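Worksheet for the structure shown next.
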Amino acid sequence: MIQLIDQALEQYLRATVPLPENAVDVSFVTPDKAWGKSITQPSVNLFLWDVKRSSPRSQSGRLDQTNDGTRFRRHPLPVIDLNYFVTAWAMDQSDEHQLLGTVLTTILGTGELPPSYVPEAFAELGPITVELATSAQRKPGDFVSVLDGQLKPGLEVRVSLEVEAGRMFEAGPPTDSIDIDLAPGRMAAPPTPTPTLEERERPVRRRRQGSVVMEGRRESADPTP
């Protein structure tokens with residue numbers, strides 16, 4: 001799966017930056033000092049240093065899908081973040097900065113990997129997004145140790161994509177009605193009848209401290225003849 005994304009990124013950058021094959025190498029190996037000494041022409045290194053599940057694009061719940069007339073149900077597909085540390089290598093530092101700057105401009109103008117570069121295995125899934133990590137998103141990875149102590153500018157590029165990893169379960173027929181039965185021996189309480197006009201105008205009597213109060217007048221509960 002990851003190697004397909006590597007290939008798609010290389011093809012996209014070569015065509016868009018551009019990075020001609022006869023003039024610039026593209027590598028995904030660890031950019032240590034030994035590799036740096038082995039390069040013979042300007043190179044762009046895309047080092048995959050971190051793989052994690054995406055929080056902003058994660059979903060919950062279940063999704064229904066119909067295949068050949070049969071309904072299936074599954075959880076939303078997981079979304080994965082691939083974080084690349086991109087560096088430029090050349091004999092002259094100004095060439096490195098120029099090469100890194102053109103890659104930066106391309107990444108900033110991308111947003112989504114164009115469909116023509118999306119691997120066939122991902123064609124039916126969600127978009128593959130490509131973005132530059134912000135200061136808040138970026139984690140202070142120990143890139144200096146990866147580069148054998150060399151201080152080198154680089155770009156942290158985040159590629160987010162859905163992964164076909166969820167199992168599908170056949171779903172039953174859709175619900176078209178709901179029946180509610182009471183438990184044996186139990187009956188629903190009858191509805192409270194609406195009082196008539198005569199009942200609403202009838203004086204209300206209630207006992208308070210040995211007296212009956214009716215329409216605001218006090219009458220003795222036990223009147224003396």
Side-chain angles (χ1 to χ4, degrees), residues 1-32 35-36 39 41-60 63 75-90 95-144 146-147 151-166:
M1 178 199 80
I2 294 178
Q3 80 279 6
L4 298 177
I5 301 301
D6 291 346
Q7 295 169 9
L9 278 178
E10 179 177 354
Q11 293 172 3
Y12 175 69
L13 292 176
R14 284 196 178 281
T16 310
V17 174
L19 303 174
E21 291 190 25
N22 60 349
V24 181
D25 285 336
V26 175
S27 176
F28 294 86
V29 303
T30 303
D32 54 18
W35 177 82
I39 62 175
Q41 63 180 3
S43 302
V44 173
N45 184 282
L46 293 90
F47 173 57
L48 179 62
W49 71 274
D50 185 48
V51 179
K52 64 180 59 175
R53 189 158 185 165
S54 175
S55 296
R57 289 181 57 180
S58 294
Q59 301 181 42
S60 59
L63 301 176
H75 295 291
L77 296 179
V79 180
I80 302 300
D81 286 340
L82 304 179
N83 295 291
Y84 293 87
F85 186 60
V86 182
T87 50
W89 300 71
D95 292 338
E96 288 186 354
H97 288 182
Q98 180 180 358
L99 185 57
L100 189 64
T102 55
V103 174
L104 169 63
T105 303
T106 299
I107 296 299
L108 290 175
T110 300
E112 291 184 10
L113 196 65
S116 57
Y117 296 96
V118 173
E120 185 177 353
F122 298 90
E124 301 299 325
L125 304 180
I128 298 178
T129 60
V130 181
E131 62 179 348
L132 194 70
T134 64
S135 299
Q137 294 172 330
R138 180 168 180 170
K139 305 299 181 184
D142 193 6
F143 297 123
V144 175
V146 172
L147 299 172
L151 293 175
K152 202 170 188 64
L155 314 174
E156 187 176 330
V157 178
R158 177 166 301 164
V159 179
S160 302
L161 61 144
E162 288 185 344
V163 178
E164 181 64 75

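This one's a predicted model, so the numbers in the text were calculated from it and none came from an experiment.
With sequence neighbours left out, P153 forms a side-chain contact (heavy atoms from CB on, under 4.5 Å) with H97, L100. Annotation: side-chain hydrogen bond (donor to acceptor under 3.5 Å, both in side chains) contacts of Q41 (sequence neighbours excluded): D25.
For the atom pair I107 CD1 and L13 CG, the distance stands at 5.0 Å (nearest 0.5 Å). We find the CG-CZ distance between L48 and F28 to be 9.0 Å, quoted to the nearest 0.5 Å. With values rounded to the nearest 0.5 angstrom, L9 atom CG is found 11.5 Å from L4 atom CG. From K52, atom NZ reaches atom CG of N83 across 6.0 Å, with rounding to the nearest 0.5 Å. Put simply, CD on Q11 and OG1 on T16 are 11.0 Å apart, with the number rounded to the nearest 0.5 Å.
Looking at R14, its side chain does come within 3.5 Å of a backbone N or O of V24 through a donor-acceptor pair. Although no hydrogens or angles enter the test, the distance criterion places a donor-acceptor pair under 3.5 Å between the side chain of S27 and the main chain of V29. Without hydrogens or angle criteria, Q3 side chain to M1 main chain gives a donor-acceptor distance under 3.5 Å. E131 contributes no side-chain N or O that, together with a main-chain N or O of R158, makes up a donor-acceptor pair within less than 3.5 Å.
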task = Determine, step by step, whether D6 and L46 satisfy the side-chain contact (heavy atoms from CB on, under 4.5 Å) criterion, reporting the C-alpha distance in whole Å, the side-chain angles of both residues, the deciding distance to 0.1 Å, and the verdict.
result = CA-CA 9 Å; D6 291 346; L46 293 90; over 6 Å; no
Sequence neighbours excluded and cut-off under 3.5 Å, please list the side-chain donor-acceptor pairs for residues 108-128, or say none.
from : atom 1 : to   : atom 2 : distance (Å)
T110 : OG1    : Y12  : OH     : 2.8
T110 : OG1    : T106 : O      : 2.6

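With contacts defined as side-chain heavy-atom distances shorter than 4.5 Å, the pair V130/Y84 does not qualify. Between W89 and N45, the closest side-chain pair of non-hydrogen atoms falls below 4.5 Å. Side-chain contact check for V44 versus L99: some heavy-atom pair is nearer than 4.5 Å.
Looking at every heavy atom in both residues, K152 comes nearest to F85 through O-CZ, 4.2 Å. A pairwise comparison of heavy atoms in L161 and V159 identifies CD2-O, 4.0 Å as the closest pair.
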